[in-house]
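Start at 1 with the first residue, then count along the sequence. In this text the structure is predicted, and so the values were computed from the model without any measurement.
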Amino acid sequence: QVQLVESGGASAQAGGSLRLSCAASQFTVSRGTMAWFRQIPGKNREGVAAITSEGRTTFYDESVKGRFTISLDNVQNTLNLQMNRLKPDDTAVYYCAATRRLVTPREALGNPAYSYWGQGTQVTVSS
């Protein structure tokens with residue numbers, strides 16, 4: 001059974017940095033596609049960033065482009081999200097997601113593309 005476990009969520013000041021990690025079991029991060037999503041209460045879960053294993057193509061939502069970096073660690077079998085220049089609007093629960101498919105650019109930041117989900121980790125950014 002695939003398990004995705006997020007860590008690294010914390011409170012930070014605006015302008016600061018955090019690094020999220022997602023440890024995968026029964027799933028090889030070097031195959032398929034993985035992504036980070038986030039959700040605030042009362043709103044739909046939205047895609048933040050995604051990365052494909054083959055070719056290492058990355059996708060970013062416009063709101064985080066230039067500030068967040070998604071990456072894979074094949075040795076640790078983890079997915080990472082380096083978040084810099086944090087803003088209060090980045091406050092949310094962040095979820096790791098995975099699929100064994102190579103997704104298309106159009107579906108990369110969409111919820112339906114992913115089969116496996118973590119439980120989430122809270123990120124809070126104060127001004």
Side-chain angles (χ1 to χ4, degrees):
Q1 182 177 352
V2 173
Q3 282 194 317
L4 303 174
V5 180
E6 302 95 338
S7 62
S11 296
Q13 294 286 324
S17 298
L18 285 174
R19 183 176 179 86
L20 303 183
S21 291
C22 171
S25 59
Q26 302 301 313
F27 184 92
T28 303
V29 300
S30 60
R31 300 178 184 174
T33 307
M34 298 193 75
W36 287 98
F37 287 72
R38 65 187 180 187
Q39 187 172 26
I40 61 175
K43 293 207 170 182
N44 293 331
R45 189 164 50 190
E46 61 177 15
V48 174
I51 183 167
T52 62
S53 57
E54 191 173 302
R56 297 296 177 90
T57 306
T58 56
F59 308 91
Y60 293 96
D61 183 76
E62 285 297 321
S63 65
V64 305
K65 199 172 287 186
R67 299 188 298 121
F68 290 10
T69 302
I70 190 171
S71 63
L72 298 174
D73 184 331
N74 293 337
V75 175
Q76 299 292 328
N77 203 43
T78 60
L79 170 73
N80 300 305
L81 184 69
Q82 178 66 41
M83 305 188 294
N84 298 328
R85 304 203 316 270
L86 285 164
K87 303 176 180 179
D89 284 350
D90 295 322
T91 296
V93 176
Y94 283 72
Y95 296 91
C96 171
T99 175
R100 300 190 194 278
R101 299 188 302 111
L102 293 177
V103 303
T104 64
R106 186 173 183 138
E107 62 183 341
L109 297 181
N111 284 268
Y114 298 90
S115 305
Y116 308 108
W117 295 85
Q119 293 300 305
T121 187
Q122 176 71 46
V123 170
T124 304
V125 183
S126 57
S127 57

Identify the heavy atoms of [X] and [Y] that sit nearest to each other, and give their distance.
{"X": "Leu81", "Y": "Ala49", "result": "CD1-CB, 4.3 Å"}
{"X": "Ile51", "Y": "Ser71", "result": "CD1-CA, 4.1 Å"}
{"X": "Glu62", "Y": "Lys65", "result": "OE2-NZ, 2.7 Å"}
{"X": "Asn77", "Y": "Ala24", "result": "ND2-O, 3.0 Å"}
{"X": "Ala108", "Y": "Val103", "result": "CA-CG2, 3.7 Å"}
{"X": "Gly9", "Y": "Val123", "result": "CA-CG2, 4.2 Å"}

Euclidean distance, [Y] [atom2] relative to [X] [atom1], rounded to 0.5 Å:
{"X": "Thr52", "Y": "Met34", "atom1": "OG1", "atom2": "CE", "value": "12.5 Å"}
{"X": "Phe59", "Y": "Arg106", "atom1": "CZ", "atom2": "CZ", "value": "13.5 Å"}
{"X": "Tyr60", "Y": "Leu109", "atom1": "OH", "atom2": "CG", "value": "10.5 Å"}
{"X": "Thr58", "Y": "Phe68", "atom1": "OG1", "atom2": "CZ", "value": "14.5 Å"}
{"X": "Glu6", "Y": "Thr78", "atom1": "CD", "atom2": "OG1", "value": "12.5 Å"}
{"X": "Cys22", "Y": "Gln76", "atom1": "SG", "atom2": "CD", "value": "13.0 Å"}

* Does CD in Gln119 sit with more than 12 non-hydrogen atoms of other residues, nucleotides or ligands closer than 6.0 Å? ->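 Open: at most 12 neighbouring heavy atoms sit under 6.0 Å from CD of Gln119.
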* **Atom CZ of Arg45: over 12 foreign heavy atoms under 6.0 Å** =>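 Yes - once you tally the heavy atoms of other residues, nucleotides and ligands closer than 6.0 Å, there are more than 12.
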* Begin with the C-alpha distance, continue with both residues' side-chain angles, and end with the deciding distance and a verdict on side-chain contact (heavy atoms from CB on, under 4.5 Å) for Leu4 and Tyr95. => CA-CA 9 Å; Leu4 303 174; Tyr95 296 91; over 6 Å; no
Is there side-chain contact between [X] and [Y], with heavy atoms separated by less than 4.5 Å?
{"X": "Leu102", "Y": "Ser53", "value": "yes"}
{"X": "Cys96", "Y": "Trp117", "value": "no"}
{"X": "Asp90", "Y": "Met83", "value": "no"}
{"X": "Thr28", "Y": "Arg100", "value": "no"}

* Asked: Can you name the residues that form a side-chain hydrogen bond (donor to acceptor under 3.5 Å, both in side chains) with Tyr94, not counting sequence neighbours?
  ->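 side-chain hydrogen bond (donor to acceptor under 3.5 Å, both in side chains) check on Tyr94 returns Arg38.
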* To do: Dump the intermediate steps for side-chain contact (heavy atoms from CB on, under 4.5 Å) on Phe27 and Leu79, then the final yes or no.
  => CA-CA 11 Å; Phe27 184 92; Leu79 170 73; over 6 Å; no
* Asked: Does the side chain of Gln82 come under 3.5 Å of the side chain of Asn80 through a donor N or O and an acceptor N or O?
  ->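 No - no donor-acceptor pair under 3.5 Å links their side chains.
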* Asked: Do Trp36 and Val125 belong to the same hydrophobic cluster, where Ile, Leu, Val, Met, Phe, Trp and Tyr are linked whenever their side-chain heavy atoms lie under 4.5 Å apart, directly or via other members?
  ->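 Trp36 clusters together with Val125.
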* Asked: Any chain of hydrophobic side-chain contacts (each under 4.5 Å) joining Tyr116 to Val48?
  ->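 Linked within one cluster.
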* Is Arg85 reaching over with its side chain to a backbone N or O of Arg67, donor-acceptor style, under 3.5 angstrom? ->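 Judged by distance alone, no pair lies under 3.5 Å.
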